[in-house]
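The structure appears below as structure tokens.
Values reported hereafter were calculated over all heavy atoms of this structure, with side chains retained and with hydrogens, waters and symmetry mates removed. Quick caveat: nothing in here was measured; it's all calculated off a predicted structure.
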Amino acid sequence: MILFVLIVLIPVYVLFVTSFKGAGDASPARAWNLPTDWTLDNWVGAWNALSPAIGRTFQMVVPAAIISAMLGSMNGFVLSRWSFRGADVVFTLILFGMFIPYQAVMIPLLELMLGAGVPSGVPSLIILHVIYGIPITTLIFRNYYQTVPHELVEAGRVDGAGMLRTYWSIILPISVPSFVVVLIWQFTNAWNDFLFAVFFSSSQNGPVTLALNNLANGALLQDYGVSMAGALLASLPPLLVYILLGKYFVGGLMSGSVKG
């Protein structure tokens, strides 16, 4: 395990030390060397270049994660605890969306979004991440709700609670472990997405992944220090999410959210 950790951390080391090197010190030939003179200029330059895109990315990933989590929760409850004729077929069709390659539908999807008049940038990306997040969120919540004691739902029915009241008053309050898993999953996927960003946004209204690509390829003379600082800066939000919520993520997985 220590060997594997070291292998994984080798690129992180190169990113970190290069981000503090001056222009003349940051080169492939000196990638393993510590900076001759430590400087924060690269971080300042990366922040100035990426900060608008980081703000747009938060505007995109937060509502996309929350909306897809709520839709997945409602779908999972109906498919697991309020069965109807054809529920298994509906569930199978929803899961089928997980296996459709994005590349196969990108052009018709672009035509559809343009035809619907959805603005490019954050609005388009929110809709796309919500839609493509529904299959995995539905799967996680459905499997989690199947572990909930059936007596809870029956008790609600005895007290006169309908489907919506049962979901809101009984199921939703005990869904915190699954919501943590889903929100972390969706936040990370939406934050790291690049394919949708290329097709449905531009450098003026796109997320941080697109801005980082433009930062790395936008000059004839590669500024390695700024690029490395930008890569670390762009990866900090999902890293902090995992650090702060990692134990809840593992707890949610162990509570049955991905079993079945």
Taking every non-hydrogen atom, the tightest pair across L125 and P207: CD1-CD, 3.8 Å
Heavy-atom pair of closest approach, residues P123 and V118: C-CG1, 4.3 Å
Qualifying residue, where the test is side-chain contact (heavy atoms from CB on, under 4.5 Å) with F20 and the options are L40, D37, T39: L40
Quick check: is [Y] connected to [X] through a chain of hydrophobic side chains (ILVMFWY, heavy atoms under 4.5 Å apart)?
X	Y	result
I131	I100	yes
F196	L114	yes
M60	L236	yes
F96	F91	yes

Distance-only polar pair, side chains of Y144 and S80, donor-acceptor under 3.5 Å: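 No donor-acceptor contact under 3.5 Å links the two side chains.
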Test item: side-chain donor near acceptor, Y224 and S19, under 3.5 Å: no
For [X] and [Y], indicate whether the former's side chain and the latter's backbone hold a donor-acceptor pair under 3.5 Å.
X	Y	result
S178	S175	no
S120	F200	no
N42	S227	no
N213	T209	no

All N/O donor-acceptor pairs, side-chain side in residues 50-57, below 3.5 Å, sequence neighbours left out:
from: S51; atom 1: OG; to: W47; atom 2: O; distance (Å): 2.9
from: R56; atom 1: NE; to: G206; atom 2: O; distance (Å): 2.8
from: R56; atom 1: NH1; to: Q204; atom 2: O; distance (Å): 3.2
from: R56; atom 1: NH2; to: G206; atom 2: O; distance (Å): 3.1
from: T57; atom 1: OG1; to: A53; atom 2: O; distance (Å): 2.6
from: T57; atom 1: OG1; to: V208; atom 2: N; distance (Å): 2.8

Contacts of R165 that satisfy salt bridge (charged side-chain N to carboxylate O under 4.0 Å, His left out) - sequence neighbours left out: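 Salt bridge (charged side-chain N to carboxylate O under 4.0 Å, His left out) list for R165, sorted by chain: empty.
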